[in-house]
Enquirer: 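Starting off with a structure, shown below.
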Amino acid sequence: MTIFKTISILTLSSVLTNSLFAKEAPYSEAIEVIKAVQNEGEGNEAAAAAWKQIIQGDATSVVPVLEAMNGSNGLASNWLISAAQAIVDRELTNGNALPLEQLGAFLMDTRQEARARRLAFELIQRVDPETAQQLVPGMINDPSNALRRDAVAGLLDEAEAMVEAEKKPAASIVYRQALGAARDIDQVESASKALQELGQKVDLPKHFGFLMHWSVVGPFDNTERKGFDTVFPPEEGVDLTGEYDGKAGKVSWSRLATSDNYGMVDVNKAYGPLKEVTAYAFTEYESPSDQPAQLRLGCKNAWKIWLNGELVFARDEYHRGIRIDQYQLPVNLQKGKNTLLVKLCQNEQEEDWTVQWQFQLRVCDATGTALLATNRLPTPTSRQARARNES
Amino acid sequence: MKANLECPRYQTLLMMKLTLTLFLCSLTFSAAEDWRQFRGPSGSGYTKSSIPEKPEVAWSLDLPGKGLSSPIIVGEHVYLTSSSGASQERLHVFCFKASDGAKVWERQFFSTGRTMCHDKTAVAAPTPVSDGKRILALFSSNDLFCLDLEGNVLWLRGLTNDYPNASNSLGLASSPIIADGVFIAHVENDSESFAAGIELEAGKNLWKKDRTKRANWTSPIVVKGADGKELAALQGSKGVDVVDPKTGAVVWRYDEGASTIPSSAADAQGNLYIPSNGLTAVKPRKDGKSEQLWRNAGMRPGTASPLVQEAKVFVITNANVLTCGDLESGARVWRMRLEGPIGGSPVANDSHLYAFSEKGLFQVVQLGEEKGEVIHTVDLGEMIQCTPAVADEALYVRSNGRLWKLGKAQG
């Protein structure tokens with residue numbers, strides 16, 4: 001039987017089971033109660049009662065509970081996933097079997113919630129590790145990072161073994177496949193490092209979708225950190241030919257491209273290692289369609305970010321660390337031109353670990369897959385970036 | 001006069017007395033044995049419990065992911081948290097049997113807040129807390145879960161959902177407390193800094209107050225108020241605010257600055273021993289301010305928090321020097337060097353102090369009047385940053401990936 005036939009049967013089985021399950025009104029109502037929980041503890045009392053009702057279900061209720069995570073907020077998902085685990089633990093303790101076929105069908109249904117599918121995989125792994133292991137390679141392009149991670153890890157292991165066996169061309173191919181599928185930073189780094197050691201070129205900025213070409217203006221004042229809340233002219237409208245009163249005289253826009261593998265835009269390169277200053281960075285992003293996306297920012301300075309003139313988020317934390325995807329901001333891109341404006345504040349601290357005045361920003365989907373702009377320029381080399389910045 | 005043992009009335013009285021004695025014994029036993037919060041019942045690591053002079057490993061078990069939260073003990077069970085996954089987004093709450101380490105239950109959740117933190121810490125950094133009926137587990141992602149002792153979820157919160165800028169890119173680590181029946185979360189950070197009192201039944205805010213916008217890893221402690229009621233001491237860069245747990249109103253305040261890493265300790269009278277200008281002992285004044293009892297600039301705690309015994313106070317400096325001070329005067333009594341570095345706070349009873357180095361070396365210090373002496377060590381071989389829990393004549397301590405029980409040597 002082909003994997004597709006298996007999936008079809010499993011999916012049908014799941015649909016039938018879920019349909020039957022859905023007819024059990026009190027149970028469905030309990031799930032709806034949980035899905036209604038909101039911030040600040042709203043709905044907690046009712047959810048606790050519903051949770052106790054849900055965990056009375058037998059093993060066949062696990063998949064419907066996981067299915068309910070689809071479209072649930074994070075709080076409701078935590079109620080549901082803990083309920084599913086409670087059912088599983090009790091059923092296994094009592095010697096009852098888990099519905100493997102249902103779990104398999106649920107796992108294969110990529111429309112379902114990613115974390116719930118990961119849990120389904122782990123349940124299969126718990127009771128039938130051999131089958132679970134067979135499923136792993138097939139998840140190399142799964143929309144769930146948590147699922148494709150195991151498949152990527154498998155490819156990385158295979159490629160490493162090939163290198164050790166002196167099969168370097170084959171290893172390059174497998175590493176390339178692993179890199180293409182990898183979304184977690186550690187796996188991307190492992191694959192790209194190995195490829196570079198094998199003499200292969202890797203365009204990491206493109207893989208991640210980092211925005212490499214910016215226009216910057218500054219420095220404006222940030223004495224006593226007041227610049228964070230001060231509305232300087234770029235916030236009122238970007239005019240790349242404009243000239244403004246800066247902290248120490250007139251300031252105007254200039255180009256700032258980066259060739260950094262991780263898209264780091266170092267504002268110190270434009271203005272020097274200043275303190276108590278603010279700068280703005282601007283770029284345009286052409287989207288092929290209206291689409292949901294995430295702006296993923298890494299920054300250890302205080303920052304604000306606007307998409308198409310609308311403030312997306314602001315944060316006034318200084319020098320507590322930076323990493324890729326530190327902040328994940330859901331947005332909706334419009335078809336055609338989108339404008340991105342980043343405000344970047346440097347504070348008064350003098351320690352050597354407070355010199356950085358920089359950020360890294362990428363555009364991707366919710367899984368971390370790069371969404372490349374139609375106006376994306378080739379990733380510049382360091383020489384090209386320098387030449388562009390001096391032009 | 002000789003009692004008539006066969007008299008029914010006497011027998012009834014005897015039975016009532018026996019029952020009452022057993023009941024009181026059970027209460028005492030339960031209260032003495034539980035270790036329901038970070039640094040135990042006293043809030044400073046001091047216990048009257050008996051601990052073997054030379055504990056050895058009784059059992060150990062593997063844990064997933066990372067964590068430097070401490071275990072807590074309620075009844076016969078150990079409760080602990082950890083965080084796993086590529087970005088530590090999976091949050092675990094465990095219940096193990098104290099007797100043999102067998103897992104009783106595990107609940108897993110996903111973070112709804114940010115999980116970024118320094119490599120040396122973890123999303124499972126704050127120690128859970130219990131009122132004896134519930135386990136409340138807070139994580140650096142600001143996810144808060146309340147479960148009963150059987151693992152049933154009673155309520156949950158995502159405090160970063162509620163307050164989107166309440167996070168610290170180095171990681172939050174403040175362990176919560178329960179004071180006067182109210183859960184106290186102390187989420188001080190550079191941005192959306194706050195403390196909140198949350199009721200235990202359904203997890204709703206009783207109050208929320210803005211706090212100083214500065215990163216802070218200290219934990220609140222329970223301190224006795226003038227009327228005997230429990231108050232909550234919130235320590236931050238500006239000092240310590242001692243607040244009414246039910247309203248958040250400041251009852252008294254110390255405002256001469258304080259550390260943002262080691263936390264304060266309290267004594268049974270409601271005085272505070274604050275990592276401030278070394279170590280500063282204060283008592284409350286009726287006007288809402290504080291009166292300094294003593295200050296010893298030489299007793300500056302490092303990462304570990306001070307420990308208050310009945311008549312002594314202990315600090316471990318960043319140079320790994322354990323200093324014993326007189327609780328009444330603050331004068332140094334003796335000092336000695338331990339193997340370090342030491343990140344976790346020590347625990348002690350009246351005769352011994354127990355400390356773990358980050359290299360995994362467990363050290364038992366015999367506490368003398370004139371000196372301390374290391375009388376026993378066990379090399380656990382893994383990085384230990386947590387503060388141990390003590391119950392039933394044993395210590396419980398964890399590394400990122402392992403939980404140990406150290407008790408009486410077998411055989």
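A note on names: the letters A, B, ... follow the listed sequences, proteins ahead of strands, and every chain is numbered from 1. Keep in mind that the numbers below use all heavy atoms, side chains included, and drop hydrogens, waters and symmetry copies.
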Enquirer: So what's closer than 4.5 Å to chain B heavy atoms on A/Ile185: side chain, backbone, both or neither?
Expert: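 Contact with chain B: none, neither part.
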
Enquirer: Any salt bridge between B/Glu382 and B/Arg402, counting N to O under 4.0 Å?
Expert: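 A salt bridge links B/Glu382 with B/Arg402.
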
Enquirer: Considering only heavy atoms, which portion of B/Arg114 lies under 4.5 Å from any heavy atom of chain A: side chain, backbone, both, or neither?
Expert: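 Only the side chain of B/Arg114 comes within 4.5 Å of chain A.
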
Enquirer: Between B/Arg157 and B/Asp162, is there a salt bridge with N-O shorter than 4.0 Å?
Expert: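 Here B/Asp162 pairs with B/Arg157 in a salt bridge, since their nearest N and O are under 4.0 Å apart.
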
Enquirer: Do you see a donor-acceptor pair shorter than 3.5 Å between the side chains of B/Ser69 and B/Thr81?
Expert: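 There is such a pair (donor and acceptor under 3.5 Å, judged by atom type) between the side chains of B/Ser69 and B/Thr81.
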
Enquirer: Against chain B, label A/Gln187 side chain, backbone, both or neither, depending on which of its atoms sit under 4.5 Å from a heavy atom there.
Expert: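 When you check distances to chain B, no heavy atom of A/Gln187 falls under 4.5 Å.
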
Enquirer: Measure distances from B/Lys208 to the heavy atoms of chain A and classify the residue's part below 4.5 Å as side chain, backbone, both or neither.
Expert: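 No part of B/Lys208 comes within 4.5 Å of chain A.
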
Enquirer: Between the side chains of A/Thr354 and A/Lys300, does any donor sit under 3.5 Å from an acceptor?
Expert: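 No - no donor-acceptor pair under 3.5 Å links their side chains.
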
Enquirer: Please look at A/Asp184 and chain B and tell me whether the side chain, the backbone, both or neither of the residue comes under 4.5 angstrom of a heavy atom of that chain.
Expert: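 Only the side chain of A/Asp184 comes within 4.5 Å of chain B.
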
Enquirer: Does B/Asp119 come within less than 4.0 Å of A/Arg323, counting only side-chain N to carboxylate O?
Expert: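 No salt bridge links B/Asp119 with A/Arg323.
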
Enquirer: Salt bridge check, A/Glu122 against A/Arg118: does any charged N sit closer than 4.0 Å to a carboxylate O?
Expert: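 The answer is yes: the pair qualifies as a salt bridge.
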
Enquirer: Using a strict cut-off of less than 4.0 Å between a Lys/Arg side-chain nitrogen and an Asp/Glu carboxylate oxygen, indicate whether A/Arg362 and A/Asp325 qualify as a salt bridge.
Expert: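 Salt bridge between A/Arg362 and A/Asp325, a charged N being under 4.0 Å from a carboxylate O: yes.
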
Enquirer: Do you know which of B/Gly158, B/Cys146, B/Ser167 has the most heavy-atom pairs under 4.5 Å to chain A?
Expert: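 When all of B/Gly158, B/Cys146, B/Ser167 are compared, B/Ser167 has the most.
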
Enquirer: Could you tell me which portion of A/Ile322 (side chain, backbone, both or neither) has an atom closer than 4.5 angstrom to a non-hydrogen atom of chain B?
Expert: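 Contact with chain B involves the backbone of A/Ile322 alone.
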
Enquirer: Heavy-atom distance under 4.5 Å to chain A: side chain of B/Leu170, backbone, both or neither?
Expert: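 Contact with chain A: backbone and side chain both.
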
Enquirer: Hey, what's the ring geometry for B/His77 with B/Tyr79, parallel, tilted or perpendicular (30° and 60° as the breaks)?
Expert: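 It falls in the perpendicular class, over 60°.
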
Enquirer: I'd like to verify something: which residue of B/Glu106, B/Gln108, B/Arg90 has the highest number of heavy-atom pairs under 4.5 Å with chain A?
Expert: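 Option with the greatest count: B/Gln108.
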
Enquirer: Less than 4.5 Å to any heavy atom of chain B: does that hold for the side chain of A/Ala47, its backbone, both, or neither?
Expert: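 Neither part, no heavy atoms under 4.5 Å.
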
Enquirer: Based on non-hydrogen pairs under 4.5 Å, which of A/Gln328, A/Gln326, A/Glu45, A/Glu40 is most in contact with chain B?
Expert: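 Sorted descending by pairs with chain B, the first entry is A/Glu40.
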
Enquirer: Contact part of A/Ser77 toward chain B, heavy-atom cut-off under 4.5 Å: side chain, backbone, both or neither?
Expert: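 Neither part.
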
Enquirer: Please look at B/Glu89 and chain A and tell me whether the side chain, the backbone, both or neither of the residue comes under 4.5 angstrom of a heavy atom of that chain.
Expert: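 For B/Glu89, no heavy atom lies under 4.5 Å from chain A.
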
Enquirer: Chain B: which of A/Ala86, A/Gly43, A/Ala83 shares the most heavy-atom pairs with it under 4.5 Å?
Expert: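 Winner by heavy-atom pair count: A/Ala86.
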
Enquirer: Under a 3.5 Å cutoff, is there a donor and acceptor pairing between the side chains of A/Ser82 and A/Trp51?
Expert: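 A/Trp51 and A/Ser82 do have a side-chain donor-acceptor pair below 3.5 Å.
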
Enquirer: Under a 3.5 Å threshold, yes or no: a donor from one side chain and an acceptor from the other, between A/Arg117 and A/Gln112?
Expert: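 Judged by distance alone, the side chains do not pair up.
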
Enquirer: For each of B/Asn165, B/Leu154, B/Leu144, tally heavy-atom pairs with chain A at distances under 4.5 Å, and name the one with the top tally.
Expert: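 Heavy-atom pair counts peak at B/Asn165.
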
Enquirer: Between A/Gln38, A/Arg315, A/Glu317, A/Gln85, who has the most heavy-atom pairs with chain B when the cutoff is under 4.5 Å?
Expert: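 Going by pairs under 4.5 Å, I would pick A/Arg315.
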
Enquirer: What part of A/Ala49 lies closer than 4.5 angstrom to a heavy atom of chain B: side chain, backbone, both or neither?
Expert: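 A/Ala49 has no heavy atom closer than 4.5 Å to chain B.
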
Enquirer: May I ask you to decide whether B/Arg36 forms a salt bridge with B/Asp131, counting only side-chain N to carboxylate O separations under 4.0 Å?
Expert: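 Here B/Arg36 does not pair with B/Asp131 in a salt bridge, since their nearest N and O are not under 4.0 Å apart.
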
Enquirer: Could you check whether B/Lys103 pairs with A/Asp89 (Lys NZ or Arg NE/NH1/NH2 to Asp/Glu carboxylate O, under 4.0 Å)?
Expert: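 Between A/Asp89 and B/Lys103 there is no salt bridge, as every charged N stays at least 4.0 Å from the carboxylate O atoms.
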
Enquirer: With no hydrogens and no angle check, just 3.5 Å: does a side-chain donor-acceptor pair link B/Asp143 and B/Thr112?
Expert: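 Yes, B/Thr112 and B/Asp143 have a side-chain donor paired with an acceptor closer than 3.5 Å.
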
Enquirer: Among residues 182-202 of chain B, which ones touch chain A with a heavy-atom distance under 4.5 Å?
Expert: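 Within residues 182-202 of chain B, the residues that come under 4.5 Å of chain A (heavy atoms only) are B/Asp190, B/Ser191, B/Ala202.
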
Enquirer: Can you say whether the rings of A/Trp303 and A/Phe313 are parallel (under 30°), tilted (30 to 60°) or perpendicular (over 60°)?
Expert: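 Rings of A/Trp303 and A/Phe313: tilted, as their planes differ by 30° to 60°.
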
